[in-house]
Amino acid sequence: MKPQMNRLLNFAVIAIAAMLTTSSLLAHHSFAMFDQSRSVELRGTVKSFRWSNPHVFIQLLVTKEGSDDEEWSIEMTSPEHLARVGWKPGTLKPGDKVTLVIHPMCDGVKGGQYLSGTGPGGPLIGSPQ
């Protein structure tokens, strides 16, 4: 009876570990913070293009008439995924004028999820033509 209990205990520990790992992965990749029902177009100047794991970010300075620039943090996918479609760490540079389409944050914070864009040389890689 003891070997069967050990096997059952081992199975239970493995099952619990798998559930905990899966739930944390799903939580990390959740898009719930972005309003998927809306798209916003932003025109501005790239402050920085951070090629980092687990996500690449574009810090964008958006000029609002009659007020100070607003800084927006635009989240992209991983560097690995972006590299597969032709993005590189130097695809965007500080000072580049861009137009980006994003899903904005649900809570109103100046940020969003990258959808597509146009850079100094035309449509950005991976954007619809």
Side-chain angles (χ1 to χ4, degrees):
M1 195 68 139
K2 189 171 179 160
Q4 189 175 14
M5 284 297 275
N6 281 341
R7 225 176 309 144
L8 183 60
L9 182 60
N10 285 339
F11 177 77
V13 168
I14 290 169
I16 290 170
M19 286 188 300
L20 291 173
T21 302
T22 302
S23 66
S24 68
L25 287 174
L26 290 174
H28 172 77
H29 291 287
S30 172
F31 295 104
M33 66 185 130
F34 305 114
D35 185 347
Q36 303 289 322
S37 69
R38 293 189 321 129
S39 295
V40 174
E41 183 178 277
L42 301 173
R43 295 176 191 271
T45 304
V46 174
K47 179 179 179 182
S48 67
F49 182 57
R50 295 183 312 186
W51 189 266
S52 59
N53 275 315
H55 298 279
V56 173
F57 281 87
I58 301 169
Q59 293 303 119
L60 187 67
L61 298 175
V62 177
T63 304
K64 293 290 183 182
E65 235 176 88
S67 66
D68 294 333
D69 288 351
E70 295 178 340
E71 185 170 343
W72 286 68
S73 185
I74 311 306
E75 183 174 340
M76 302 180 80
T77 188
S78 71
E80 177 186 351
H81 288 128
L82 289 172
R84 285 185 200 160
V85 295
W87 285 79
K88 297 177 180 150
T91 298
L92 293 176
K93 296 170 204 60
D96 283 350
K97 303 289 185 198
V98 297
T99 301
L100 305 178
V101 179
I102 65 164
H103 284 313
M105 300 287 287
C106 290
D107 62 5
V109 169
K110 304 290 184 220
Q113 175 189 22
Y114 176 86
L115 298 174
S116 64
T118 304
L124 293 171
I125 300 163
S127 293
Q129 299 297 317

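Start at 1 with the first residue, then count along the sequence. Values reported hereafter were calculated over all heavy atoms of this structure, with side chains retained and with hydrogens, waters and symmetry mates removed.
Residues Thr45 and Val98 have side chains not in contact (no heavy-atom distance under 4.5 Å, counting atoms from C-beta outward). Side chains of Ile102 and Trp72 form a contact here, defined as non-hydrogen atoms less than 4.5 Å apart. Between Ser116 and Leu124, every side-chain heavy-atom pair lies at or beyond the 4.5 Å cut-off. Side-chain contact check for Leu42 versus Ile74: some heavy-atom pair is nearer than 4.5 Å. Between Gln59 and Glu71 the shortest side-chain heavy-atom distance falls below 4.5 Å. Contact annotation: the side chain of Leu82 approaches that of Met76 to within less than 4.5 Å [non-hydrogen atoms, C-beta and beyond]. Side-chain contact between Phe34 and Met105 is present, with heavy atoms from C-beta onward closer than 4.5 Å. Looking at Val56 and Arg50, their side chains never come closer than 4.5 Å, going by heavy atoms from C-beta outward.
Cys106 SG to Arg38 CZ: the interatomic distance, rounded to the nearest 0.5 Å, is 8.5 Å. The NZ atom of Lys97 sits 13.5 Å away from atom CG of Leu92, with the distance rounded to the nearest 0.5 Å. Taking CZ of Arg43 as the reference point, atom OG1 of Thr99 lies at 4.0 Å (rounded to 0.5 Å). The line from OG of Ser39 to NE2 of His103 is 5.0 Å long, rounded to the nearest 0.5 Å. Rounding to the nearest 0.5 Å places CG of Leu60 at 9.5 Å from CG of Asp69.
Scanning all heavy atoms of the two residues, the minimum distance from Phe49 to Pro89 falls at CD2-O, 3.3 Å. Here the shortest heavy-atom pairing between Thr91 and Gly86 reads OG1-O, 4.4 Å. For the residue pair Pro54 and Pro79, the shortest heavy atom distance occurs at O-CD, 4.2 Å. When all heavy atoms of Phe57 and Glu75 are compared, the pair lying nearest together is CE2-CB, 3.6 Å.
Shown here are the ring pair (Phe, Tyr, Trp, His ring centres under 6.0 Å) partners of Tyr114, two or more places apart in sequence or in another chain: Trp87.
For CG of Asp107, the number of neighbouring non-hydrogen atoms (other residues, nucleotides, ligands) closer than 6.0 Å is greater than 12. Summarising the local packing, CZ of Arg84 is surrounded by more than 12 heavy atoms from other residues, nucleotides or ligands at distances under 6.0 Å.
Hydrophobic clustering keeps Leu61 apart from Val101 (ILVMFWY residues linked when any side-chain heavy atoms are closer than 4.5 Å, directly or through intermediates).
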